[in-house]
Amino acid sequence: MTALVREAWAAARSQGVASSLTCLLVAAVVVAITLTSGRTVAAQQEVLRSIDSVGTRAIVVRADTDSGLTTGFLQRLRAVDQIAWLGGLSPIVDGRNAGVPDAAGVPVRQLYSDDLRAAGMPAQPVSHTAYASATALDALGMPYGVGELSLTNGDTLGVAPAVGPAPALLEFEPLVLVPATPHGDEPLAVVVVIAASPDMVAPLTPVVTSLLALDDPRMATVSTSSDLAELRSLVEAQMSALSRSLIVGLVGVAAVLVAALQTALVLMRRKDFGRRRALGASRGFIVALQLTQTALLVLVGAAAGVMASGVVLAVTGAPQPGVRFSLAVTIWTLTFALIASLAPAILASRRDPATELRVP
Amino acid sequence: MKPLTQGLVARDLCFSYDGRRTTIVDWSAVLAPGQVTAITGASGSGKSTLLYLLGLMLTPGSGSVLIDGERVDTLGDTQRAALRSELFGFVFQDAALDATRTVADNVTEPVLYRRGDRKAASGRVPALLAAFGVDVPVDRRPGQVSGGQAQRIALCRALIGEPSIVLADEPTGNLDPESSAVVLGALRQHARDGGVVAIVTHSDAVAASCDQEIRL
């Protein structure tokens with residue numbers, strides 16, 4: 001295998017003009033794709049991020065104080081599939097900056113969750129510490145995220161800044177959360193369920209409702225963002241289809257041109273393939289050699305194209321489509337080019353040594 | 001070199017390129033190990049075609065080709081290619097070097113097809129070239145060497161894998177007397193070492209220097 005790759009690389013290098021043309025062609029196509037579809041994908045990602053920021057995957061259960069909603073509900077929900085995150089918020093206790101007695105109060109809630117990091121807290125939180133969002137820290141008059149919180153129930157807690165809480169929790173701003181572990185059935189005021197994908201919000205909602213098990217179901221409301229979820233799916237589908245069509249079109253054109261170039265090269269180098277066959281190269285070896293050569297040139301061209309388009313996007317200040325997009329474009333280009341190069345490779349392997357080496 | 005006991009045998013070979021005009025008719029011969037065989041004949045008599053038949057590049061219409069008693073002309077394409085890389089060394093009429101590759105790459109090309117150690121073979125190239133009086137750097141391209149040197153480089157390519165059978169098509173056709181002597185000397189030495197050597201030639205002098213002459 002190493003010998004084959006070495007030979008393919010040496011052969012590609014020895015055919016400088018044709019190899020450079022192939023690399024340039026692939027690079028140009030990758031640049032074209034990145035500057036068109038890549039931009040679309042980057043824009044799509046930004047739009048989806050904006051939609052997600054308002055909680056398209058969230059199912060929020062709000063219950064009255066004496067509704068009977070407890071941490072037992074969280075326990076039951078743990079058995080449900082397709083839930084990406086689950087958290088329960090206790091009823092509110094007011095808290096104030098202990099250093100400023102006249103400061104405004106903020107709502108302080110206990111958070112029951114298996115994944116505290118999604119709520120902006122460390123996985124191993126410091127005990128007797130409340131984690132406050134930037135908005136809450138502003139309201140508390142703690143711009144540096146350091147201070148002490150005095151609760152109306154008489155407790156005192158240290159304060160630490162919360163980093164990047166889940167978008168679905170932002171509707172509870174100013175957000176001050178105290179990580180807690182349930183000891184028995186603790187009362188809950190809010191339960192936030194984040195579905196694994198926007199599509200799962202609709203099927204999950206009745207499941208969540210059925211597991212509420214309240215004596216009086218009217219004491220709780222279940223709200224979802226199904227309209228936003230639908231909008232998200234629509235945006236994703238439409239823009240993905242547009243990007244796919246563009247990519248397939250451009251990569252297809254590139255593949256045809258690479259195949260034409262390879263065919264011309266094979267026809268020009270008939271005698272070389274005849275000699276290889278005469279000296280003992282099997283047809284399979286010739287096909288593998290040609291395909292490896294194409295693959296190497298496509299990879300070099302794609303790498304150059306990715307770098308060039310990255311520079312162009314950076315200079316123009318346009319959003320970058322990301323590594324996954326570049327990788328996908330490279331794989332698509334490689335696959336198409338290999339399929340298109342198969343015919344010229346077979347043509348090369350069929351050169352008859354006796355015919356090609358005959359001297360008139 | 002893998003030594004052969006019975007050598008290369010052709011029995012009643014017939015061949016036609018177009019299915020109508022027969023180029024080779026009922027041709028039989030034994031090319032024994034240790035012997036240099038000259039194949040002579042008029043232009044168009046089918047000398048090169050015969051060499052391609054013996055070298056398993058063409059399939060005879062009828063008759064058979066045997067190596068050490070085993071019939072090989074009926075093998076599949078992949079097996080025949082494998083035999084060519086393992087047992088044969090070829091010297092073509094116009095050297096047929098790859099003009100885009102270095103002299104070292106050209107000489108070691110057969111090693112690639114027999115899955116040998118090409119790097120190790122590359123190390124032997126300077127000594128091999130020197131033995132045949134080719135005084136050129138191994139990183140030169142064939143376009144930068146003379147015709148005589150190119151043919152001797154082709155001979156190095158044929159011999160690098162120490163093949164059991166060497167088939168040479170007009171190896172001295174375009175060479176000066178000195179280069180011809182080097183090439184013929186190398187082929188004779190290869191036969192003395194136990195190899196089967198067949199040379200297609202127009203030259204009576206070359207034919208006279210061989211152990212056996214077969215005229216078409």
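Residues of residues 321-356 of chain A lying under 4.5 angstrom from chain B, judged on non-hydrogen atoms, are Asp352(A), Pro353(A), Ala354(A) in numerical order.
Residue Ser14(A) holds its OG atom at 8.5 Å from CG of Asp105(B), rounded to the nearest 0.5 Å. Separation of atoms CZ (Phe90(B)) and CZ (Arg275(A)) is listed at 13.5 Å; rounding is to 0.5 Å. Note that the CZ atom of Arg84(B) and the OG atom of Ser282(A) stand 9.5 Å from one another [nearest 0.5 Å].
Looking only at heavy-atom pairs under 4.5 Å with chain B, the residue among Lys271(A), Arg276(A), Gln15(A) that has the most is Arg276(A). By number of non-hydrogen pairs under 4.5 angstrom with chain A, the leading residue of Leu51(B), Thr78(B), Leu56(B), Asp94(B) is Asp94(B). Between chain A and the residues Pro110(B), Ala96(B), Ala158(B), the most heavy-atom pairs under 4.5 angstrom are made by Ala96(B).
Residue contact with chain A, scored on non-hydrogen atoms closer than 4.5 Å, is absent for Thr102(B). For chain A, the nearby part of Phe92(B) is the side chain; its heavy atoms alone come within less than 4.5 Å. Residue contact with chain A, scored on non-hydrogen atoms closer than 4.5 Å, is absent for Leu83(B).
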Checklist line | Stepwise salt bridge (Lys or Arg N to Asp or Glu O under 4.0 Å) check, Arg277(A) with Asp77(B) | finding: CA-CA 10 Å; Arg277(A) 293 279 292 129; Asp77(B) 185 78; 2.7 Å; yes
Margin query: side-chain contact (heavy atoms from CB on, under 4.5 Å) for Asp98(B) and Arg269(A)? Distances and angles first, verdict last.
Written below: CA-CA 10 Å; Asp98(B) 185 343; Arg269(A) 295 177 62 85; 3.5 Å; yes
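Contact check on Arg101(B) versus Asp272(A) returns no salt bridge, with no Lys/Arg side-chain nitrogen under 4.0 Å from an Asp/Glu carboxylate oxygen.
Atom CZ of Arg114(B) has more than 12 neighbouring heavy atoms from other residues, nucleotides or ligands inside a 6.0 Å radius. With a 6.0 Å radius and a threshold of 12 heavy atoms from other residues, nucleotides or ligands, Glu70(B) has its CD atom at or below the threshold. In the displayed structure, Arg71(B) atom CZ is contacted under 6.0 Å by more than 12 heavy atoms of other residues, nucleotides or ligands.
With sequence neighbours left out, Ser45(B) forms a side chain to side chain donor-acceptor pair (under 3.5 Å) with no residue at all.
At least one side-chain heavy atom of Leu279(A) sits less than 4.5 Å from a side-chain heavy atom of Arg157(B).
Minimum interatomic distance between Ala81(B) and Ala281(A) (heavy atoms only, all atoms of both residues): CB-O, 3.9 Å.
With Arg118(B) contributing its side chain and Ala3(A) its backbone, the two residues share no donor-acceptor pair below 3.5 Å.
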